[in-house]
Structures are given as C-alpha cells and as structure tokens.
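Here's the structure we're looking at; comments come further down.
For this chain, numbers begin at 1 and follow the sequence in order. Note that the coordinates shown come from a computational prediction; the quantities given were computed from them, not determined experimentally.
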Amino acid sequence: MTVGESIADPLLIHELATPEEAKTQVLAMLKRVGLTPETEFYQRYPGELSGGQQQRVAIARALMTRPQLLICDEPVSMLDASVQSQVLELMLELKEEFNLTYLFITHDLWVARFLCDRIAVMNGGKIVELGATEELFMNPQHPYTKTLLSAVPSLSKLEQ
C-alpha cells in the first residue's frame with residue numbers, strides 16, 4: 001500500500017468516509033504531521049521513507065479515526081536523538097490539539113520525563129511506583145525506581 005492508502009484504511013474499514021473524503025482527510029493529516037508536499041507523500045511507499053517519516057505516517061494513521069487514547073510502545077526508540085526530539089515535539093502538539101491521552105511505553109526515562117504527566121514504574125510485570133513525573137524524579141519512593149534513576153546518566157553527573 002502507498003502511504004496515502006495506509007493512512008486512509010481505518011476510515012474506509014470503519015466506513016467513516018468515502019474514498020474521496022478519505023483522500024482529502026489524509027492529505028490534511030499528512031500536512032499536519034509535517035509530511036509535505038503531502039501529495040508527494042501520499043503516493044510514496046513506506047520503504048522509501050526515513051525512520052522519522054515512517055513514524056509520522058504511523059501517527060497520522062493512528063489519528064485518522066480521532067481516538068481519545070493512543071497506546072505508544074517505544075515510538076521513538078529506533079530514531080536518532082534529533083529525530084526523536086522532533087517526533088516528541090509533534091506528539092506534544094497533537095496531544096493538545098486532539099485532546100489525546102497517551103499510554104506511552106518506554107525504557108527511556110528521559111523520554112518519559114519529557115512527554116508524560118504521570119509515570120508508572122514496572123518491575124517484573126507489576127507497577128511498583130506510580131506518580132506525577134516530577135515527583136517521581138525528585139523523590140522516588142520504591143527501591144527499584146531509585147535504582148533505575150541512579151543508573152541513568154544525567155548532564156549534572158557528566159559535568160563533574
């Protein structure tokens with residue numbers, strides 16, 4: 001499938017738009033997620049795109065049915081740092097614009113700190129600590145959370 005067909009697919013499967021309406025909506029969403037010129041990206045294939053562009057396509061496709069919740073499993077883990085930053089900024093913008101809630105699954109605590117309002121720390125498949133992001137980083141309660149945070153390099157540690 002082309003990028004355009006893939007993004008339109010949820011609208012067509014759920015009968016939320018005609019093919020013509022779907023194409024119009026897809027072009028608007030491509031533009032919104034920064035894939036311009038949108039008519040060019042509509043015709044391209046996923047294998048022709050960079051990792052960051054592919055992630056933007058995945059975001060666009062996920063948003064086509066206007067969900068309230070997006071479950072994101074390591075959405076930026078395979079991207080380099082500058083592209084990670086761009087995709088996370090886009091996700092924050094879309095969170096506000098579409099009134100989204102993200103369930104963001106990640107091993108990267110700094111990515112979680114950047115994006116999340118609340119964090120649940122899991123160990124062995126169980127939540128061991130849950131709280132507001134800044135509170136969790138500033139005052140971790142569970143020994144596992146303390147171990148995780150102490151293992152993550154911070155700029156202040158690197159400057160010493």
Reported [atom1]-to-[atom2] distance for the pair [X] and [Y], which is rounded to 0.5 angstrom:
| X | Y | atom1 | atom2 | answer |
| --- | --- | --- | --- | --- |
| F41 | K31 | CZ | NZ | 14.0 Å |
| Q25 | T18 | CD | OG1 | 8.5 Å |
| L103 | I105 | CG | CD1 | 5.0 Å |
| I119 | E134 | CD1 | CD | 8.5 Å |
| I13 | M64 | CD1 | CE | 12.5 Å |
| I7 | L12 | CD1 | CG | 12.0 Å |

Is there a side-chain contact between [X] and [Y] in this structure, where contact means two heavy atoms from C-beta onward sitting under 4.5 Å apart?
| X | Y | result |
| --- | --- | --- |
| H107 | S77 | no |
| L70 | L63 | yes |
| L109 | F137 | yes |
| V121 | H142 | no |
| Q53 | L35 | yes |
| R113 | W110 | yes |
| V57 | R44 | no |
| L94 | R32 | yes |

task = Applying side chain to side chain contact (heavy atoms under 4.5 Å, CB included), run through V3 and L30 and close with a yes or a no.
result = CA-CA 9 Å; V3 165; L30 284 168; 4.0 Å; yes
Same apolar cluster (I L V M F W Y, side chains within < 4.5 Å links), [X]/[Y]:
| X | Y | result |
| --- | --- | --- |
| V26 | Y45 | no |
| L149 | F114 | no |
| M91 | F98 | yes |

Exercise for review: Could you list the residues that satisfy ring-ring contact (aromatic ring centres under 6.0 Å, His included) with F104, not counting sequence neighbours?
Suggested key: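 Per chain and number, F104 pairs via ring-ring contact (aromatic ring centres under 6.0 Å, His included) with no residue.
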E97 CD: over 12 foreign heavy atoms closer than 6.0 Å = yes
Report task. Using a cut-off of 6.0 Å, state whether more than 12 heavy atoms not belonging to M138 lie near its atom CE. Result -> no
Determine, stepwise, if the pair M78 / Q55 fulfils side chain to side chain contact (heavy atoms under 4.5 Å, CB included). CA-CA 10 Å; M78 299 302 285; Q55 201 61 348; over 6 Å; no
Using a 3.5 Å distance criterion without hydrogens, assess whether the side chain of T101 forms a donor-acceptor pair with backbone atoms of L69. no
Taking the cut-offs as 6.0 angstrom to the six-membered ring centre and 45 degrees off its axis, would you call K23 and Y42 a cation-pi pair?
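Relative to the ring axis of Y42, which defines the angle, K23 lies inside both limits.
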- [ ] May I ask you to say whether K146 pairs ionically with E129, meaning some side-chain N is under 4.0 Å from a carboxylate O?
- [x] no
- Task: Could you verify whether a donor N or O on one side chain and an acceptor N or O on the other, from T106 and D108, lie under 3.5 Å apart?
- Result: no
**Study point:** Residue list, side chain to side chain donor-acceptor pair (under 3.5 Å) with E96, at least two apart or on another chain
**Key:**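 Partners of E96 by the side chain to side chain donor-acceptor pair (under 3.5 Å) criterion come out as none, since no residue qualifies.
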